[in-house]
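What follows is a short report on a single structure.
Each chain gets a letter, A, B and so on, in the order its sequence line appears, and its residues count up from 1. Bear in mind that the values here come from a model prediction, so they are computed numbers and not experimental data.
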There are 2 protein chains.
Amino acid sequence: MAIRFRSSFRLLSRHASLRAQTLNRTATLGARACISTSSPTHFAVAPHGEIEFTADKFPHMKRNSAFKKLSDEDIAYFRTILAPSGITQDKEDLQVFNSDWLRKYRGQSKLVLKPASTEQVSKILRYCHDNKLAVVPQGGNTGLVGGGVPVFDEIVVSMANMNSVRSFDKVSGALVCDAGSILEVLDKYLEERGYIMPLDLGAKGSCHIGGNVSTNAGGLRLLRYGSLHGTVLGLEVVLPDGTILDNLSTLRKDNTGYDLKQLFIGSEGTLGIVTGVSILAPKRSKAINVALLGLNTFDQVQSAFKRSKDELCEILSAFEFWDQAAIKLVKEHLVAGANDPLESEHRFYVLIETSGSNKEHDDEKLNQYLEGLLTDDVVQDGVVAQDATQIQKLWAIREGIPEACSKAGAVYKYDISMPVPVLYQAVEDMQDYLTKNGAFGEGKLFSSVIGYGHVGDGNLHLNVAASDYSPEAVDLMEPYVFEWTAKHAGSISAEHGLGVSKNNHLHYSKSPSMIHLMKRFKSLIDPQGIMNPYKYLPDN
Amino acid sequence: MAIRFRSSFRLLSRHASLRAQTLNRTATLGARACISTSSPTHFAVAPHGEIEFTADKFPHMKRNSAFKKLSDEDIAYFRTILAPSGITQDKEDLQVFNSDWLRKYRGQSKLVLKPASTEQVSKILRYCHDNKLAVVPQGGNTGLVGGGVPVFDEIVVSMANMNSVRSFDKVSGALVCDAGSILEVLDKYLEERGYIMPLDLGAKGSCHIGGNVSTNAGGLRLLRYGSLHGTVLGLEVVLPDGTILDNLSTLRKDNTGYDLKQLFIGSEGTLGIVTGVSILAPKRSKAINVALLGLNTFDQVQSAFKRSKDELCEILSAFEFWDQAAIKLVKEHLVAGANDPLESEHRFYVLIETSGSNKEHDDEKLNQYLEGLLTDDVVQDGVVAQDATQIQKLWAIREGIPEACSKAGAVYKYDISMPVPVLYQAVEDMQDYLTKNGAFGEGKLFSSVIGYGHVGDGNLHLNVAASDYSPEAVDLMEPYVFEWTAKHAGSISAEHGLGVSKNNHLHYSKSPSMIHLMKRFKSLIDPQGIMNPYKYLPDN
């Protein structure tokens with residue numbers, strides 16, 4: 001099915017005036033909630049053969065012998081607190097909990113527990129704490145760094161059975177829900193009430209809000225609504241010893257003591273299990289516009305970004321970019337719904353979304369902005385979606401990139417942030433570096449270096465496609481990529497987290513005194529070290 | 001000087017159509033930065049006689065005998081690390097550091113240190129830690145809960161000499177500065193560069209950004225730009241043992257380990273001293289509108305608020321309210337620049353500010369919104385500022401309320417947050433309660449109960465004017481007001497903090513397990529308990 005855009009907006013036709021009547025192209029944001037083409041569950045069954053055990057892949061990792069091995073008595077105890085459906089021991093059934101959708105990590109857990117209440121989570125953790133049984137909390141298992149899957153025989157505590165909305169305040173927009181609620185389900189719930197979740201990401205059809213909080217997910221709306229550190233109003237957390245921290249405040253302001261919830265946002269399940277989330281939902285915008293632009297240089301991308309901050313300002317809700325390598329992969333792997341509507345290929349693509357309360361005003365602002373870019377030769381081509389379907393289709397390109405990358409074979413995903421001016425240099429330098437080392441090109445170890453991400457947040461997703469996952473590939477790219485990032489005052493994990501893949505690289509982004517204090521907090525809250533071991537913090 | 005508004009906008013004249021040409025009333029936001037009528041420094045010299053010592057006012061407070069008393073050797077050591085001007089021992093000079101502008105708290109410090117660098121702060125704290133000398137970090141000393149002044153003989157570490165901008169990134173808006181930088185100075189610095197500080201409060205002419213961070217100040221822009229937990233990108237903090245936590249990130253996204261900085265936001269100097277702040281400044285809006293409305297009931301205030309979220313949405317930047325008792329005080333005490341432009345007095349007042357990138361669009365949105373309120377009898381009267389001066393004058397009323405209250409005599413200030421529907425009930429219930437107890441009215445202990453605050457944040461400033469500060473007055477109102485707040489699922493401190501006045505009431509807003517964990521964090525980071533003792537956390 002071809003996407004049709006009004007040809008009068010094709011920016012290549014520079015003599016066509018951009019008349020207001022051609023700009024009747026808004027749609028409700030609700031339309032976007034239907035997209036889940038890039039939902040990770042689509043890839044879990046990809047026919048790549050057996051996944052290597054994490055423990056084999058990282059031979060330096062050793063099972064902590066202080067942890068107890070699961071016994072029949074343990075199972076018997078869990079049977080006294082959970083319904084039969086809350087306990088999974090079947091080898092086949094365990095597979096999906098033991099591995100990630102990128103097929104990079106595989107654990108050896110023998111037991112998955114699915115508590116149905118905060119009290120059950122508390123009982124599970126208290127027992128594990130008392131008996132030194134290691135635990136991995138798991139949400140929608142859509143993570144990219146192996147944080148939510150076991151390494152050895154840790155017990156998986158899946159939050160899938162805790163997925164109710166607890167309350168919603170129509171005046172303030174405060175939503176309180178179970179941690180296992182699926183992001184997209186929550187967004188639909190809010191849509192019916194005129195509100196929107198302040199975060200959105202490709203995995204929305206599978207990921208849990210508790211997992212989002214635990215990894216401090218960024219995503220597509222951060223530019224507009226800010227990070228979870230600002231939008232989360234309260235959390236209910238079960239500490240490793242079973243203590244329930246009941247801090248599900250729905251207040252926008254509450255200066256009563258240390259803001260403990262903040263420590264659990266982004267702690268990747270190493271300090272306890274988030275069981276409930278209170279989050280401030282903004283009003284859903286009545287008008288949405290999405291434009292796709294083709295540009296020649298990353299300088300032009302930056303210029304378009306700077307001008308969007310000035311001219312679109314309060315209605316700007318996304319400023320995403322990707323490169324030619326990314327669009328090639330999307331086309332090659334025919335990602336569902338993701339067709340490039342531009343006439344020719346460009347070195348860079350920018351997707352701009354505006355959302356506001358007045359369609360005519362937004363149209364006028366966007367029109368002026370785009371006209372300015374055209375006049376000043378900042379963009380070479382572009383289209384503006386005319387309706388909700390076209391909005392979906394433009395977003396499908398951006399959201400289809402991770403899927404396209406994964407279909408390319410093995411893909412190494414780096415998620416780094418840095419000052420915007422050097423954002424794309426990271427991609428070019430990586431390709432140069434691999435070429436110089438004779439590892440890039442046809443028949444070589446690496447076939448493609450892809451750059452895309454959130455320009456507005458200084459966040460680059462640097463993906464390197466390889467023929468296969470191998471220690472040689474990793475040794476070539478790491479620590480090179482982390483050193484590059486540190487040299488450019490960046491972060492080695494912008495929004496994906498540390499998990500099992502970056503814990504020992506933390507020093508590239510954090511000082512010894514910071515890491516030391518983190519370890520002291522970890523010891524204070526989880527003295528037995530049972531929560532999500534072998535991850536997050538450096539081994540030594 | 002009378003404020004003149006175009007009469008065509010007077011909403012009482014319901015037949016006058018609100019034509020677009022009457023709405024030429026935008027001005028740059030910069031204009032507002034000039035207002036500092038309510039700067040606390042104006043009141044510090046109010047002729048109220050000598051302030052009672054905090055230790056006498058709260059006789060249950062005892063000096064912790066584990067703390068060392070200041071000796072000549074200590075002074076000699078500090079002389080080796082600080083310039084002579086960085087050490088204050090003069091009794092007269094000490095006064096201003098020993099007391100607060102509300103004249104409610106007074107300490108007995110014999111020494112004020114003014115470090116000029118992070119290294120000096122580190123040396124001071126390490127020495128105090130090693131020698132068990134208690135310390136009070138102090139910013140602009142504009143706090144309302146006694147958090148920044150000593151109780152006994154703690155050493156005051158004033159941040160006044162650390163006030164430089166360290167860097168500013170024009171692309172991202174990331175500002176890095178010393179903790180002693182004055183909020184208004186930073187806002188002016190940013191104004192020249194097209195940006196704005198994401199927070200604003202009445203004390204802006206005196207308060208330090210480090211103090212703002214340490215108290216998690218809310219203020220007038222929180223509705224639009226969110227809390228400091230979202231806008232602060234990084235902090236440099238000196239821990240009690242002298243360790244420097246160098247986490248001055250300028251990245252919008254950085255998921256590398258526990259977000260330690262969050263713990264210091266709102267910790268009121270009990271965990272260390274904030275020496276540097278990195279904060280994300282939004283683009284300064286090109287167009288500002290301010291309207292003042294008169295309303296009959298708090299239901300109408302709520303209705304106007306709900307509609308503003310829908311209709312002004314992304315351009316809404318403030319929604320403040322006050323009651324008739326507040327305007328009476330402002331008029332009575334002739335607060336500079338604060339003249340009520342409405343024809344008659346109203347039970348409720350609302351100040352609405354919009355800020356956006358396109359003046360015509362904003363005018364149209366506000367016009368439609370106000371017309372709707374008028375048509376539906378939601379408001380009784382109103383004016384819209386026509387220029388920057390008028391904008392200032394409208395804001396001067398709102399910002400003059402604290403000053404007017406302080407001139408009324410003794411004023412007890414409660415800063416509570418709760419669901420918006422019960423916001424004003426707190427005021428009514430308090431007045432009823434005091435009346436029933438025979439303590440309210442002419443010749444009685446209490447003369448006035450005033451309500452004002454940030455409707456958009458569910459944050460009420462409940463002020464009770466009394467003839468004098470007295471234990472009887474406190475005993476009558478407390479714990480009544482805290483119990484009321486807890487019963488309505490509110491917070492006993494929305495944005496002012498706990499300080500010395502609310503630490504023992506923390507249990508009204510936080511559970512025992514939360515308080516227990518807070519105390520464990522405190523012990524971990526400040527095992528000697530030297531940082532800002534006698535405050536914040538409950539005594540037992």
Would you check, one step at a time, whether the test side chain to side chain contact (heavy atoms under 4.5 Å, CB included) holds for B:Glu364 with A:Glu360? CA-CA 11 Å; B:Glu364 199 181 315; A:Glu360 282 76 23; over 6 Å; no

Between A:Ala494, A:Gly490, A:Gly230, A:Gly497, which residue shows the highest count of heavy-atom pairs closer than 4.5 Å to chain B? A:Ala494

Based on non-hydrogen pairs under 4.5 Å, which of B:His454, B:His496, B:Lys502 is most in contact with chain A? B:His454

From B:Asn255 CG over to A:Tyr536 OH, what is the distance, rounded to the nearest 0.5 angstrom? 7.5 Å

Main-chain N/O of A:Asp310 paired with B:Lys286 side-chain donor or acceptor, under 3.5 Å: yes

Okay, A:Ala174 and chain B: the region with an atom under 4.5 Å from a heavy atom over there is neither

Report yes if some heavy atom in the side chain of B:Arg252 is under 4.5 Å from a heavy atom in the side chain of A:Asn459; otherwise report no. no

For A:Lys522 and B:Tyr258, which heavy atoms make the closest approach, and how far apart are they? CD-OH, 3.6 Å

At what distance, to the nearest 0.5 angstrom, does CG of A:Leu263 lie from CD of B:Gln262? 9.5 Å

Closest heavy-atom contact between B:Gly218 and A:Lys253? CA-CE, 4.1 Å

Could you give me the CA-CA distance, side-chain angles and deciding distance for B:Lys510 and A:Asn247, then say whether side chain to side chain contact (heavy atoms under 4.5 Å, CB included) is met? CA-CA 8 Å; B:Lys510 289 285 151 72; A:Asn247 186 212; 3.6 Å; yes

Is A:Leu222 in contact with chain B via its backbone, its side chain, both, or neither, using a 4.5 Å heavy-atom distance? both

Pair count under 4.5 Å, heavy atoms only, with chain A: among B:His516, B:Gln368, B:Glu495, B:Glu311, highest is B:Glu495

Keeping B:Ser511 on the side-chain end and A:Asp246 on the backbone end, is there a donor-acceptor pair under 3.5 Å? no

Proximity breakdown for A:Thr270 and chain B, heavy-atom pairs closer than 4.5 Å: both

Chain B contact via A:Leu245 - side chain, backbone, both or neither, heavy atoms under 4.5 Å: both

Who wins among A:Leu228, A:Asn503, A:Thr250, A:Asn216 for the most heavy-atom pairs under 4.5 Å with chain B? A:Asn216

Which atoms of B:His505 approach chain A - backbone, side chain, both or neither, heavy atom under 4.5 Å: neither

Between atom CG of B:Leu251 and atom CE of A:Met418, what is the distance when rounded to the nearest 0.5 Å? 9.0 Å

Taken to the nearest 0.5 Å, the spacing of A:Ile315 CD1 from B:Cys313 SG works out to 11.5 Å

Decide whether A:Thr256 and B:Tyr508 meet the rule of one side-chain donor and one side-chain acceptor closer than 3.5 Å. no

Donor-acceptor contact below 3.5 Å, side chain A:Ser513 vs main chain B:Ile244: yes

Cut-off 3.5 Å, side chains only: do A:Glu314 and B:Ser357 have a donor facing an acceptor? yes

From B:Asn358 CG over to A:Lys365 NZ, what is the distance, rounded to the nearest 0.5 angstrom? 5.0 Å

Most contact-rich option vs chain B, by heavy-atom pairs under 4.5 angstrom, among A:Gly458, A:Ser509, A:Gly257, is A:Gly257

Contact leader toward chain B among A:Ile265, A:Leu239, A:Leu260, where contacts are heavy-atom pairs under 4.5 Å: A:Leu260

What part of B:Leu506 lies closer than 4.5 angstrom to a heavy atom of chain A: side chain, backbone, both or neither? side chain

B:Leu223 versus chain A, the contacting section by heavy-atom distance below 4.5 Å: both

With a 4.5 Å cut-off on heavy-atom pairs, point out which of B:Pro421, B:Gly456, B:Ser491 contacts chain A the most. B:Ser491

Taking atom types as modelled, find out whether B:His229 and A:Asp259 have a side-chain donor-acceptor pair closer than 3.5 angstrom. yes

I'd like to know which of B:Ser249, B:Gly266, B:Ser227, B:Gly356 tops the heavy-atom pair count under 4.5 Å against chain A. B:Gly356

Quick one: CG on A:Leu517 to OG1 on B:Thr243, what's the gap to the nearest 0.5 Å? 8.5 Å

With distance as the sole test, does B:Lys309 use its side chain to make a donor-acceptor pair with the main-chain N or O of A:Val171 at under 3.5 Å? yes

